[in-house]
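On a predicted model such as this, the values are computed, not experimentally measured, just so you know. Side chains are part of it too, since the values below use all heavy atoms of this structure and drop only hydrogens, waters and symmetry mates.
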Amino acid sequence: PKIIQLPSASTYSVNTAIPIIDGISIIGTSDGRSKPKLISSGTDRLFICQDMQNPIVTYRNLEIREGEAPNYGDGGAILLDNCSLTFENVDIVENSSEGKGGGMYLVNNSNPHLKTVKINNNTAWDNGGGIYNDSSSPIIEDCQINNNEIVSAIEDIEVDGTKGAGLFIRNGSVVSLDGVTISNNKIISPSDDVYGVGIYIEDVPSGFSFSNIEVIDNQVSGAVVDAT
């Protein structure tokens, strides 16, 4: 693929979601200085991808931050819809969604490979504070999913409860987790209808894989429930 090279310690303001395009990778220079930062102006998520299946396309050595899904939408930083690519050494931090997936929203056969990615300090109003995963099969390897939140007012709570402040998985997603830490995620809710604060999984198919996973210190505020 063609490569867009971003110098280290650089900062870019993003006003409108950048489309992820087949055959184009974005690589930050790795020279010991800070990663290049892509910062949303606060009116849109940072990246969107639809109908692109090419794991050779790579986003590497980047910090993606302060995105906000528009119009009560999903995916604060990144929305993948039938889209697969590779993210390596990327920080996805301090993004927000008034829907699902504060950091990443993966749907419809989106199967990215996440390697040494940090998905930290993101917020959603609905399920999946860090990552929301539906009918998709990502490989998540040597990653952190820490300090993400779901913040739910009583009128926002789904009829079947609030789930997965770190990672939410549903609809037969064949997810592979290896060397992943899921810690200090939180659901803030006035309801006690809360499930799987660190990681929530439903409809688990054969082939689902866990190895060297640490799920610790995830918690609930505003209700007294089992927060394991």
Rounded to the nearest 0.5 Å, how far apart are [atom1] of [X] and [atom2] of [Y]?
X      : Y      : atom1 : atom2 : result
Ser41  : Asn15  : OG    : CG    : 4.5 Å
Ser8   : Lys37  : OG    : NZ    : 10.0 Å
Ile213 : Leu167 : CD1   : CG    : 9.5 Å
Leu79  : Ile48  : CG    : CD1   : 5.0 Å
Asp126 : Ile150 : CG    : CD1   : 7.5 Å
Ser10  : Gln5   : OG    : CD    : 10.0 Å

Inset, instruction - Start with the C-alpha gap between Thr162 and Asn127, add the side-chain angles, then the distance that decides, and say whether side chain to side chain contact (heavy atoms under 4.5 Å, CB included) holds. - result: CA-CA 6 Å; Thr162 302; Asn127 297 328; 4.2 Å; yes
I need the minimum non-hydrogen distance between [X] and [Y], along with the two atoms involved.
X      : Y      : result
Lys186 : Ala165 : O-CB, 3.4 Å
Gly28  : Pro36  : CA-CG, 3.6 Å
Ser173 : Phe208 : O-CD1, 3.5 Å
Gly164 : Ile187 : N-CD1, 4.3 Å
Leu80  : Ser110 : O-OG, 3.1 Å
Val197 : Val220 : CG2-CG2, 3.5 Å

Inset, instruction - May I ask you to check whether over 12 heavy atoms, not counting those of Lys118, lie within 6.0 Å of atom NZ? - result: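 Open.
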Whether the side chain of [X] engages the backbone of [Y] through a donor-acceptor N/O pair (distance < 3.5 Å, no angle test) should be reported.
X      : Y      : value
Ser211 : Asp178 : no
Asp74  : Lys100 : yes
Asn95  : Asn122 : no
Ser137 : Val174 : yes

Could you check whether any side-chain heavy atom of [X] comes within less than 4.5 Å of a side-chain heavy atom of [Y], counting everything from C-beta outward?
X      : Y      : answer
Leu38  : Ile18  : yes
Val117 : Asn89  : no
Leu177 : Ile199 : yes
Ser183 : Asn146 : yes
Arg170 : Tyr132 : yes
Arg45  : Tyr105 : no

Hydrophobic clustering (ILVMFWY, side-chain heavy atoms < 4.5 Å, transitive) - are [Y] and [X] grouped together?
X      : Y      : answer
Val215 : Ile169 : yes
Phe168 : Ile139 : no
Leu6   : Val93  : no
Ile201 : Ile216 : no
Met104 : Ile20  : yes

Legend entry - Criterion side-chain hydrogen bond (donor to acceptor under 3.5 Å, both in side chains) on Asn147 and Asn120, from CA distance to verdict: CA-CA 6 Å; Asn147 299 300; Asn120 297 342; 5.5 Å; no
Legend entry - disulfide (SG to SG under 2.5 Å) contacts in which one or both residues fall within residues 108-141, not counting sequence neighbours: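 Residue pairs with at least one partner in residues 108-141: there are none.
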Inset, instruction - Classify the angle between the aromatic ring planes of Tyr59 and Phe47 as parallel (below 30°), tilted (30 to 60°) or perpendicular (above 60°). - result: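 Because their plane-to-plane angle is over 60°, the rings of Tyr59 and Phe47 count as perpendicular.
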Legend entry - Member of Ile78, Leu106, Val57, Thr86 meeting the side chain to side chain contact (heavy atoms under 4.5 Å, CB included) criterion with Pro112: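 With Pro112 as partner, Ile78, Leu106, Val57, Thr86 yield a single side chain to side chain contact (heavy atoms under 4.5 Å, CB included), made by Leu106.
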Inset, instruction - Pick out which of Ile92, Asn148, Leu114 makes a side chain to side chain contact (heavy atoms under 4.5 Å, CB included) with Ile131. - result: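 Checked Ile92, Asn148, Leu114 against Ile131; only one passes side chain to side chain contact (heavy atoms under 4.5 Å, CB included): Leu114.
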Legend entry - side-chain hydrogen bond (donor to acceptor under 3.5 Å, both in side chains) assessment of Gln53 paired with Ser84: CA-CA 5 Å; Gln53 298 285 340; Ser84 303; 2.5 Å; yes
Inset, instruction - Could you tell me whether the side chains of Asn82 and Gln50 share a donor-acceptor contact shorter than 3.5 Å? - result: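 No donor-acceptor contact under 3.5 Å links the two side chains.
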Inset, instruction - Scan side-chain atoms only and decide if Asn218 and Asn185 contain a donor-acceptor pair under the 3.5 Å cut-off. - result: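 Yes, side-chain donor-acceptor contact under 3.5 Å.
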Taking only distance into account, with no hydrogens and no angle test, what donor-acceptor pairs under 3.5 Å do side-chain atoms of residues 64-72 form with protein atoms, sequence neighbours excluded?
residue: Arg65; atom: NH1; partner: Glu63; partner atom: OE2; Å: 2.4
residue: Arg65; atom: NH2; partner: Glu94; partner atom: OE1; Å: 2.7
residue: Arg65; atom: NH2; partner: Glu94; partner atom: OE2; Å: 3.4

Inset, instruction - Would you please test Thr116 and Glu88 for side chain to side chain contact (heavy atoms under 4.5 Å, CB included) and show each step? - result: CA-CA 6 Å; Thr116 58; Glu88 183 176 359; 4.2 Å; yes
Inset, instruction - Could I get the full list of disulfide (SG to SG under 2.5 Å) partners for Cys83, not counting sequence neighbours? - result: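 Applying disulfide (SG to SG under 2.5 Å) to Cys83 gives Cys49.
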